[in-house]
Amino acid sequence: MSVSIKSSSEIKRMREAGRLLEQVHDEVAKLIRPGISTWEIDKTGEELIRSRGCIPNFLNYNGFPASFCISINDEVVHGIPSRERKLKDGDIVSLDAGLIYKHYHSDAARTYGVGTISPEARKLMDVTRESFFEGLKYAKAGKHLFEISGAIGAYAESFGYGVVRDLVGHGIGTKLHEEPQIPNFKQKKRGMKLYPGMTLAIEPMINQGRADVVWLDDNWTVVTDDGSLSAHYENTILITDGEPEILTLTKSFE
């Protein structure tokens, strides 16, 4: 397995790619409301990416037809935007997107409530986000990759949630998906040692019910097998000599 260690100049570009993607996510979040179509969200998101001199890296990636993956309720990931699909009060919606800045990729996902959501849905969203930060505690030079995985899974499962097994996080850099793969659940081995300069996309995908998922006939949209809600939270991070740096979340996250 070949894992790239980024140079200082590469890190500078990765940092800017992350900062710009954070701006896009912040702007797109303001659109979330009952009645808006997922097509409109995607269209605006693409315009925001291109207005920053960047390229939407999801668009046409392995044939994906949009710049944002927009997944609603029981959709785990890779929901395809549509003019006909409109958000409704009480929905939860995950927005997953990335961009390319001077040949370097960033990737991040957020799950939002639409209008007034149930306490159960809010808890799922909060636990999914917090599971990322539980894993982040182990994203340090000298630690091992699967310590991140174990911490994410243990936290989410302590609430009785299902942690998706079929989809994982990944390395990122000049390609959207690089080595290593980063599961969100405990592994039998410790995995590789972490070194400064590694850039990773850590992305818990947590189901309210069982972990099992299925692919719809569009060959993209992944849904929970039992129809339960699912939440997704992702950031691109940098391993350093000290605390990890979240490239797609530059504001205070405490």
Side-chain angles (χ1 to χ4, degrees), residues 69-79 91-98 107-113 117-140 143-172 176-192 194 198 200-216 220-237 239 244 246 248-249 253:
C69 297
I70 305 179
S71 309
I72 303 171
N73 295 333
D74 66 333
E75 297 171 350
V76 182
V77 288
H78 304 161
D91 285 343
I92 64 171
V93 57
S94 298
L95 306 182
D96 186 6
D107 189 5
R110 309 280 187 261
T111 301
Y112 301 101
I117 64 172
S118 69
E120 293 79 13
R122 174 62 60 188
K123 181 178 178 182
L124 174 66
M125 291 165 52
D126 290 345
V127 168
T128 301
R129 184 180 187 276
E130 185 55 37
S131 70
F132 167 87
F133 289 102
E134 290 296 313
L136 194 70
K137 294 176 182 177
Y138 297 90
K140 299 179 181 180
K143 295 285 189 182
H144 289 79
L145 183 68
F146 294 154
E147 292 182 85
I148 298 172
S149 304
I152 290 170
Y155 184 79
E157 289 173 348
S158 74
F159 292 87
Y161 294 146
V163 180
V164 174
R165 259 68 173 166
D166 296 67
L167 301 145
V168 298
H170 51 92
I172 186 169
L176 176 57
H177 293 107
E178 297 184 350
E179 293 292 347
Q181 293 192 346
I182 310 167
N184 295 305
F185 51 95
K186 186 177 180 180
Q187 304 294 294
K188 292 181 179 179
K189 297 182 179 180
R190 293 192 302 171
M192 66 171 55
L194 300 175
M198 287 182 173
L200 310 172
I202 300 173
E203 50 177 321
M205 291 156 276
I206 310 298
N207 299 344
Q208 200 169 39
R210 299 194 313 272
D212 307 283
V213 300
V214 293
W215 271 253
L216 297 186
W220 279 108
T221 309
V222 181
V223 301
T224 59
D225 186 50
D226 59 8
S228 62
L229 295 178
S230 186
H232 184 198
Y233 187 80
E234 175 186 20
N235 282 300
T236 300
I237 74 158
I239 303 297
I246 308 180
T248 49
L249 191 64
F253 51 82

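As the structure is a computational prediction, the values presented were derived from the model and not from experiment. Numbers here simply count residues along the sequence, with the first being 1.
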Checklist outcome for this item: On a heavy-atom basis, the closest approach of A151 and G135 is CB-CA, 4.0 Å

Item to check | Taking every non-hydrogen atom, the tightest pair across A156 and V127 | outcome: CA-CG1, 4.1 Å

Checklist entry - Would a distance-only check, ignoring hydrogens and angles, find a side-chain to backbone donor-acceptor pair under 3.5 Å from E134 to S131? => result no

Next on the checklist: Could you report the tightest heavy-atom contact between Y155 and E130, atom names first, then the distance?
Outcome noted: OH-CG, 3.3 Å

Item to check | From V164, V163, I152, residue fulfilling side-chain contact (heavy atoms from CB on, under 4.5 Å) relative to F185 | outcome: V163

Checklist entry - Side chains of S94 and T111: do they bring a donor and an acceptor to under 3.5 Å? => result yes

Next on the checklist: If I compare all heavy atoms of T248 with all of R110, which pair ends up nearest, and what's the gap?
Outcome noted: O-NH2, 3.0 Å

Next on the checklist: Counting C-beta onward and ignoring hydrogens, is there a side-chain heavy-atom pair between S149 and I182 closer than 4.5 Å?
Outcome noted: yes

Checklist entry - Run the salt bridge (charged side-chain N to carboxylate O under 4.0 Å, His left out) check on E157 and R165 step by step: do they pass? => result CA-CA 13 Å; E157 289 173 348; R165 259 68 173 166; 3.1 Å; yes

Item to check | Modelled atom types, side-chain donor and acceptor of N235 and R129, under 3.5 Å | outcome: no

Next on the checklist: If you define the side chain from C-beta out and look only at heavy atoms, does anything of E147 sit under 4.5 Å from K186?
Outcome noted: no

Item to check | Test item: side-chain donor near acceptor, H232 and E203, under 3.5 Å | outcome: yes

Next on the checklist: I want to check something: taking the side chain as every heavy atom from C-beta on, are T221 and H78 in contact at a cut-off of under 4.5 Å?
Outcome noted: no

Next on the checklist: Is it the case that the side chains of T224 and N207 hold a donor-acceptor pair, with the cut-off being a distance below 3.5 Å and no angle test?
Outcome noted: no

Checklist entry - Do the ring planes of Y233 and F133 sit parallel (below 30°), tilted (30 to 60°) or perpendicular (above 60°)? => result tilted

Item to check | Closest approach of I92 to S230 (non-hydrogen atoms, all atoms of both residues) | outcome: CD1-O, 3.4 Å

Next on the checklist: Using the rule given for side chain to side chain contact (heavy atoms under 4.5 Å, CB included), can you reason through H170 versus Q181, listing the C-alpha separation, both sets of side-chain angles and the distance that settles it, and then say yes or no?
Outcome noted: CA-CA 4 Å; H170 51 92; Q181 293 192 346; 5.8 Å; no

Next on the checklist: With a 4.5 Å cut-off on side-chain heavy atoms, are I148 and K137 touching?
Outcome noted: no

Item to check | W215 vs D166 side-chain heavy atoms within contact, under 4.5 Å | outcome: yes

Checklist entry - Which one of I172, D107, T236, L145 satisfies the side-chain contact (heavy atoms from CB on, under 4.5 Å) criterion with L200? => result L145

Next on the checklist: So, taking the atom named CG in L229 and the one named OG in S118, what distance separates them when rounded to the nearest 0.5 Å?
Outcome noted: 6.5 Å

Item to check | Residue pair Y138 / L194: nearest heavy atoms and the distance that separates them | outcome: O-CD1, 3.6 Å

Checklist entry - Hey, is the main chain of R210 close enough, under 3.5 Å, to the side chain of D226 for a donor-acceptor pair? => result yes

Checklist entry - Should K123 and F159 count as side-chain neighbours, where that means a heavy-atom distance under 4.5 Å? => result yes

